[in-house]
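One structure is given here, and the rest of the page talks about it.
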Amino acid sequence: MTVKYTPDHEWIELDGDEGVATIGITPHAQDALGDVVFVDLPAVGAEFKKGDVAGVVESVKAAADVYAPVSGHILEVNEALRADPSLANSDPLGKGWFFKIKMDDLAEFDALLDAPAYDALVKNA
């Protein structure tokens with residue numbers, strides 16, 4: 001599986017060749033936010049263009065938008081995360097995923113940051 005990152009601190013993992021990807025916030029984002037207390041997830045079937053606000057994550061410190069890193073429509077949302085927002089802190093790259101999207105254009109995925117580029121971005125922030 002291939003994982004890419006956005007400058008806005010979302011991760012996106014391509015689930016095989018079907019153009020379906022899982023999206024969440026990075027460990028850096030959850031660390032900056034602090035204890036997550038609420039998530040607003042998109043509706044299944046909702047359409048987003050790359051860069052659209054697709055959800056919100058709220059912590060004891062701040063609220064932050066979660067952006068769609070690629071264009072497409074929502075296939076699934078993480079109801080476990082809605083029930084227990086702390087999963088975004090305890091397992092941001094696993095059980096703390098936010099939503100799955102069926103991508104319109106795989107080239108948008110290819111244009112995102114790879115792990116070394118994202119690490120350099122975080123280091124220089």
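Being a predicted model, the structure only gives us computed values, none of them experimental.
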Looking only at side-chain N and O atoms, does Glu10 offer a donor or acceptor that is under 3.5 Å from a partner on Thr26?
no

Quiz question: by atom type and distance under 3.5 Å, do the side chains of Ser86 and Asp84 form a donor-acceptor pair?
yes

Output for pair (Asp104 CG, Lys49 NZ), nearest 0.5 Å, gives 6.0 Å

Can you tell me how far apart CG (Leu106) and CG (Leu14) are? Round to the nearest 0.5 Å.
6.5 Å

Heavy-atom donor-acceptor pair, [X] side chain to [Y] backbone, under 3.5 Å:
X: Asn89; Y: Gly34; result: yes
X: Asn124; Y: Ala120; result: yes
X: Lys102; Y: Glu18; result: yes

According to the interplanar angle, ranging from 0 to 90°, do the rings of His28 and Tyr118 count as parallel (below 30°), tilted (30 to 60°) or perpendicular (above 60°)?
perpendicular

Going by side chain to side chain contact (heavy atoms under 4.5 Å, CB included), Val66 matches just one of Val56, Asp40, Ile25. Which one?
Ile25

Which of Gln30, Lys95, Arg82 passes side chain to side chain contact (heavy atoms under 4.5 Å, CB included) with Leu87? It is Lys95

Do [X] and [Y] have side chains that approach each other closer than 4.5 Å (heavy atoms only, starting at C-beta)?
X: Lys4; Y: Pro69; answer: no
X: Val57; Y: Phe38; answer: no
X: Thr22; Y: Trp11; answer: yes
X: Asp35; Y: Ser59; answer: no
X: Phe48; Y: Ser71; answer: no
X: Asp15; Y: Glu13; answer: yes
X: Ile101; Y: Leu75; answer: no
X: Tyr67; Y: Asp52; answer: no

Heavy-atom closest contact ([X] atom, [Y] atom, distance):
X: Phe99; Y: Ala54; value: CZ-CB, 3.8 Å
X: Leu81; Y: Ala88; value: CD1-N, 3.6 Å
X: Ala62; Y: Leu33; value: O-CD2, 4.2 Å
X: Asn78; Y: Leu41; value: O-CD1, 3.4 Å
X: Ala32; Y: Lys61; value: O-NZ, 3.4 Å

Out of curiosity, does [Y] fall in the hydrophobic cluster containing [X] (side-chain heavy atoms, cut-off under 4.5 Å, transitive links)?
X: Tyr5; Y: Leu121; answer: yes
X: Val3; Y: Val20; answer: no
X: Phe109; Y: Ile23; answer: yes

Over-ring placement of Lys100 relative to Trp97, 6.0 Å and 45° cut-offs:
yes

Checking side chain to side chain contact (heavy atoms under 4.5 Å, CB included) for the pair Ile12/Leu112: CA distance, chi angles, key distance, verdict?
CA-CA 9 Å; Ile12 176 169; Leu112 295 170; 3.5 Å; yes

